[in-house]
**Q** 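Sending over a structure as structure tokens; questions will come in a sec.
Order of appearance sets the numbers: ligands from 1, and atoms from 1 within every ligand. Keep in mind that this is a model prediction, so the values were computed, not measured. Quick note: residue numbers are just sequence positions, from 1.
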Amino acid sequence: MKETVVIVAGAGPSGISTSACLNLQSIPHIVLEREAIYCPIWTKKSYDRLHLHLAKHLCELPHMPFPESYPTFVPRKQFVQYLDEYVTQFKVNPVYNRSIESATYHEDTGKWLVKARNIKTDEVEEYISRFLVVATGETSDAFMPEIKGMETFTGKILHSTAYKSGAPFANQSVLVVGCGNSGMEIAYDLSNFGAKTSIIIRNPLHIFTRWMMSLELELFKYLPYDMVDGIVLLLSKLWYGDMSKYGIKRPQEGPFAMKDKYGKYPIVDVGTVGKIKSGDIQVLPGISTVKGDEVIFTDGKSYQFDVILFATGFHRITKKWLKDDDDLLDDDGIAKQSYPNHWKGKNGLYCAGLARKGLYGAAMDAQNIANDIKKLL
Ligand SMILES: Cc1cc2nc3c(=O)[nH]c(=O)nc-3n(C[C@H](O)[C@H](O)[C@H](O)COP(=O)(O)OP(=O)(O)OC[C@H]3O[C@@H](n4cnc5c(N)ncnc54)[C@H](O)[C@@H]3O)c2cc1C
Ligand SMILES: *[C@@H]1O[C@H](CO)[C@@H](O)[C@H](O)[C@H]1NC(C)=O
Ligand SMILES: *[C@@H]1O[C@H](CO)[C@@H](O)[C@H](O)[C@H]1NC(C)=O
């Protein structure tokens with residue numbers, strides 16, 4: 001059994017930022033991470049061509065700006081270099097291969113008991129602390145929807161987290177399920193590598209260019225949300241025109257409202273729309289059933305595929321292991337209160353990076369949490 005002041009659950013960008021801020025305040029803590037590396041989304045689970053979707057000044061972790069020489073939209077490799085330097089500079093030292101299985105609060109001692117499975121030895125270890133920071137991410141567990149007949153599919157099935165590049169899929173028919181940012185970018189990448197690419201788009205989408213997204217975030221500093229929504233929406237309409245004949249419709253509500261209410265991020269187009277317009281990427285409606293190598297769609301048409309790639313996102317099983325949280329997270333593992341009042345719970349419980357505010361939000365949370373703990377000590 002190990003005892004410390006703070007346990008940080010997860011060593012993604014939120015967890016390492018929190019650890020760095022705690023180190024700067026000389027607060028003892030232990031970071032528990034189930035993978036064998038920090039920031040696994042960036043260091044091992046994402047595709048080669050991934051760039052940060054937001055301009056670099058919005059993606060900085062606390063106390064370390066990006067180097068001047070980095071481009072505005074930082075490629076994955078350079079972001080990983082930055083993360084490497086970050087953990088070195090701030091002496092972030094997670095305990096790896098520890099998958100947290102439960103966290104309970106004990107009123108008699110006023111402490112949290114965290115049980116984590118050591119993946120290497122398969123033993124369950126116990127950690128005790130006065131404070132617990134949940135930094136296990138909004139994208140911690142791959143989610144694949146249930147589809148009728150999927151078990152009969154004769155081709156290959158994979159989740160976006162296992163996708164690296166389109167190279168192995170040249171000349172293959174690939175169906176991308178899910179049209180969030182990952183699905184749209186992977187479809188583009190597949191098509192660039194010569195895969196016969198289709199993507200399912202069922203629901204209306206907001207699509208913007210990178211510069212529109214940067215502008216949006218700048219305008220938020222000066223204007224109310226609904227006005228910013230109106231401006232970027234107008235820009236998108238002027239830039240892309242009416243895309244309904246390509247199977248893409250715009251939602252009734254503006255992009256900020258969609259993100260805030262439903263957690264639906266707008267699409268930052270990397271070139272996918274151009275390929276849809278040119279016919280290189282085919283847009284299909286929802287799947288009705290799968291039979292062997294054939295997928296039958298809700299419009300009655302069917303096509304054969306070699307590969308089905310699920311870019312269907314993630315769910316969070318946080319509430320399965322986090323037992324004594326009164327009010328901080330909802331059942332889906334997202335902060336209940338909206339930004340910026342979301343990060344502090346009861347009994348020394350905090351969350352970092354769970355308010356749908358990306359790396360920028362993670363950095364803010366880490367600093368707030370470390371400052372708050374410093375005050376309480
Ligand atoms: C493809 C992609 C692109 C993105 N691009 C941007 C961008 O450009 N800009 C931006 O601001 N945001 C972006 N995001 C959103 C977000 O900022 C990142 O996902 C970021 O990695 C979130 O950091 P995090 O530490 O909160 O979560 P994560 O990076 O998910 O880290 C959580 C950590 O907790 C660990 N963990 C989970 N459960 C357990 C457990 N039970 N026990 C122990 N450890 C556990 C995980 O292994 C992981 O290491 C992107 C997300 C994705 C998926
Ligand atoms: C984590 O576990 C993997 C596989 O069991 C092992 O290869 C790796 O060395 C371990 N890493 C650490 C830091 O313990
Ligand atoms: C894909 O098909 C083209 C044309 O038939 C062929 O020239 C090429 O070698 C194929 N590529 C792969 C990786 O099979």
Side-chain angles (χ1 to χ4, degrees), residues 7-19 30-47 49-61 72-76 79-80 83 93-103 114-122 127 133-142 160-161 163 166-172 180-186 193-196 210 213-214 217 265 268 306 311 313-314 316-322 333-335 351-366:
I7 292 171
V8 179
S14 301
I16 65 168
S17 299
T18 305
S19 175
I30 295 175
V31 183
L32 298 173
E33 167 58 53
R34 70 177 169 197
E35 304 279 342
I37 189 163
Y38 53 85
C39 305
I41 286 190
W42 299 96
T43 47
K44 69 175 242 200
K45 287 188 186 170
S46 52
Y47 42 95
R49 59 157 288 125
L50 181 66
H51 286 60
L52 290 176
H53 292 144
L54 301 179
K56 66 176 185 181
H57 69 282
L58 297 164
C59 298
E60 284 168 1
L61 302 188
T72 307
F73 295 97
V74 178
R76 184 178 81 97
F79 187 48
V80 169
L83 294 170
N93 204 356
V95 184
Y96 294 110
N97 287 336
R98 302 300 194 283
S99 182
I100 297 172
E101 296 190 338
S102 77
V114 173
K115 293 187 181 176
R117 187 169 297 275
N118 181 332
I119 292 169
K120 240 171 127 186
T121 62
D122 206 37
Y127 296 85
V133 182
V134 180
T136 44
E138 292 169 8
T139 53
S140 50
D141 301 282
S160 58
T161 44
Y163 179 89
F169 304 102
N171 294 345
Q172 299 191 16
N181 276 301
S182 298
M184 293 291 265
E185 183 160 13
I186 288 172
F193 278 98
K196 286 167 253 158
R210 275 184 185 150
M213 289 302 288
S214 304
L217 288 156
Y265 287 79
V268 184
D306 303 308
F314 304 87
R316 291 144 293 267
I317 56 166
T318 321
K319 282 307 257 270
K320 292 226 166 80
W321 60 261
L322 181 61
I334 295 290
C351 68
L354 295 177
R356 297 197 162 119
K357 284 285 178 286
L359 296 164
Y360 180 78
M364 300 291 291
D365 293 347

**Q** Please indicate, with yes or no, if any protein heavy atom is found under 4.0 Å from atom 39 (C) of ligand 1?
**A** yes
**Q** Looking at Glu33 and Pro94, would you say the former's side chain and the latter's main chain have a donor-acceptor pair under 3.5 Å?
**A** no
**Q** Short N/O distance, under 3.5 Å, between Glu138 and ligand 1?
**A** no
**Q** Considering only protein heavy atoms, which is closest to atom 31 (O) of ligand 1, and at what distance to one decimal place?
**A** Gly12 CA, 3.3 Å
**Q** Test side-chain contact (heavy atoms from CB on, under 4.5 Å) on Phe73 and Ser214; report intermediate values, then the result.
**A** CA-CA 10 Å; Phe73 295 97; Ser214 304; 3.7 Å; yes
**Q** Would you mind running through ligand 3 and noting each atom that sits below 4.0 Å from a heavy atom of Asn171?
**A** 1 (C), 2 (O), 3 (C), 8 (C), 10 (C), 11 (N), 12 (C), 14 (O)
**Q** Let me know which of Arg316, Lys45, Arg34 forms a salt bridge (Lys or Arg N to Asp or Glu O under 4.0 Å) with Asp141.
**A** Arg34
**Q** Between ligand 2 and the protein, which N/O pairs fall short of 3.5 Å?
**A**
{"residue": "ligand 2", "atom": "2 (O)", "partner": "Asn97", "partner atom": "OD1", "Å": "3.2"}
{"residue": "ligand 2", "atom": "2 (O)", "partner": "Asn97", "partner atom": "ND2", "Å": "2.4"}
{"residue": "ligand 2", "atom": "11 (N)", "partner": "Asn97", "partner atom": "ND2", "Å": "3.0"}
{"residue": "ligand 2", "atom": "14 (O)", "partner": "Asn97", "partner atom": "ND2", "Å": "3.1"}

**Q** Could you work out, with side-chain hydrogen bond (donor to acceptor under 3.5 Å, both in side chains) as the rule, every residue matching Asn171, not counting sequence neighbours?
**A** none
**Q** Test side-chain contact (heavy atoms from CB on, under 4.5 Å) on Val74 and His51; report intermediate values, then the result.
**A** CA-CA 5 Å; Val74 178; His51 286 60; over 6 Å; no
**Q** Determine if the distance from atom 35 (C) of ligand 1 to the closest protein heavy atom is below 4.0 Å.
**A** yes
**Q** Does any part of the side chain of Val268, heavy atoms only, come nearer than 4.5 Å to the side chain of Asn181, both counted from C-beta?
**A** yes
**Q** Can you list the ligand 1 atoms lying under 4.0 Å from a non-hydrogen atom of Ser99?
**A** 42 (N)
**Q** So, is Arg34 polar-close to ligand 1, with some N/O to N/O distance under 3.5 Å?
**A** yes
**Q** Check each atom of ligand 1 against the heavy atoms of Leu52 and keep those under 4.0 Å away; list them by number with element.
**A** 7 (C), 8 (O)
**Q** Could a heavy atom of Pro40 be found less than 4.0 Å from some atom of ligand 1?
**A** yes
**Q** Among residues at least two apart in sequence or on other chains, which ones pass side-chain hydrogen bond (donor to acceptor under 3.5 Å, both in side chains) with Thr161?
**A** His159
**Q** Answer yes or no: are there more than 12 heavy-atom neighbours, outside Lys320 itself, under 6.0 Å from its atom NZ?
**A** no
**Q** Show the numbers, then the answer: is there a side-chain contact (heavy atoms from CB on, under 4.5 Å) between Phe79 and Leu50?
**A** CA-CA 10 Å; Phe79 187 48; Leu50 181 66; over 6 Å; no
**Q** Is the backbone of Ile119 close enough, under 3.5 Å, to the side chain of Asn97 for a donor and an acceptor to pair up by distance?
**A** no
**Q** Which is closest to atom 29 (O) of ligand 1 by heavy-atom distance: Gly313, Cys351, Ser160, Pro13?
**A** Pro13
**Q** Give the C-alpha distance, both sets of side-chain angles, the deciding distance and a yes or no for side-chain contact (heavy atoms from CB on, under 4.5 Å) between Tyr96 and Lys120.
**A** CA-CA 10 Å; Tyr96 294 110; Lys120 240 171 127 186; over 6 Å; no
**Q** Which of these, His53, Glu60, His51, Arg98, has its nearest heavy atom closest to atom 43 (C) of ligand 1?
**A** Arg98
**Q** How far is atom 27 (O) of ligand 1 from the closest protein heavy atom, and which atom is that?
**A** Gly137 CA, 3.2 Å
**Q** Quick check: does any side chain N or O of Ser19 sit under 3.5 Å from a backbone N or O of Gly15, one acting as donor and the other as acceptor?
**A** no
**Q** Counting from 1, what ligand 1 atoms have a heavy atom of Leu359 closer than 4.0 Å?
**A** 9 (N), 10 (C), 11 (O), 12 (N), 17 (O), 20 (C)
**Q** Atoms of ligand 1 less than 4.0 Å from Gly358 heavy atoms?
**A** 11 (O), 12 (N), 17 (O)
**Q** For Ala135, counting its heavy atoms only, list the atoms of ligand 1 lying under 4.0 Å from any of them.
**A** 32 (C), 33 (C), 34 (O)
**Q** For atom 13 (C) of ligand 1, state which one of Trp42, Tyr360, Phe73 supplies the nearest heavy atom.
**A** Trp42
**Q** Looking at Tyr360, I want to see if its OH is surrounded by more than 12 non-hydrogen atoms of other residues, nucleotides or ligands under 6.0 Å.
**A** no
**Q** Mark up the atoms of ligand 1 that fall under 4.0 Å of a heavy atom belonging to Trp321, in ascending order.
**A** 41 (N)
**Q** Check whether any N or O atom of Ser14, backbone or side chain, sits under 3.5 Å from an N or O atom of ligand 1, and answer yes or no.
**A** yes
**Q** Is the shortest heavy-atom distance from the side chain of Asp365 to the side chain of Ser14 under 4.5 Å?
**A** no
**Q** List every atom of ligand 1 that sits less than 4.0 Å from any heavy atom of Thr139, numbering the atoms from 1 in the order shown and giving each element.
**A** 19 (O), 30 (O)
**Q** Give the numbers and elements of all ligand 1 atoms closer than 4.0 Å to a heavy atom of Glu35.
**A** 47 (O)
**Q** Show which side-chain atoms of residues 53-60 pair as donor or acceptor with protein atoms under 3.5 Å away, not counting sequence neighbours.
**A**
{"residue": "Lys56", "atom": "NZ", "partner": "Pro67", "partner atom": "O", "Å": "3.1"}
{"residue": "Lys56", "atom": "NZ", "partner": "Glu68", "partner atom": "O", "Å": "3.4"}
{"residue": "Lys56", "atom": "NZ", "partner": "Tyr70", "partner atom": "O", "Å": "2.8"}
{"residue": "Glu60", "atom": "OE2", "partner": "Phe66", "partner atom": "N", "Å": "3.4"}

**Q** Any sub-3.5 Å donor-acceptor pair from Thr43's side-chain atoms to Tyr38's backbone N or O?
**A** yes
**Q** Please write down residue, atom name and distance for the protein heavy atom closest to atom 48 (C) of ligand 1.
**A** Glu33 OE1, 3.4 Å
**Q** Return yes when Cys59 approaches ligand 1 closer than 4.0 angstrom through a heavy atom, no otherwise.
**A** yes
**Q** Can you figure out which of Ile37, Ile100, Val95, Ile41 has its heavy atom closest to atom 42 (N) of ligand 1?
**A** Ile100
**Q** Between Glu185 and Arg49, is there a side-chain N and carboxylate O pair less than 4.0 Å apart?
**A** yes
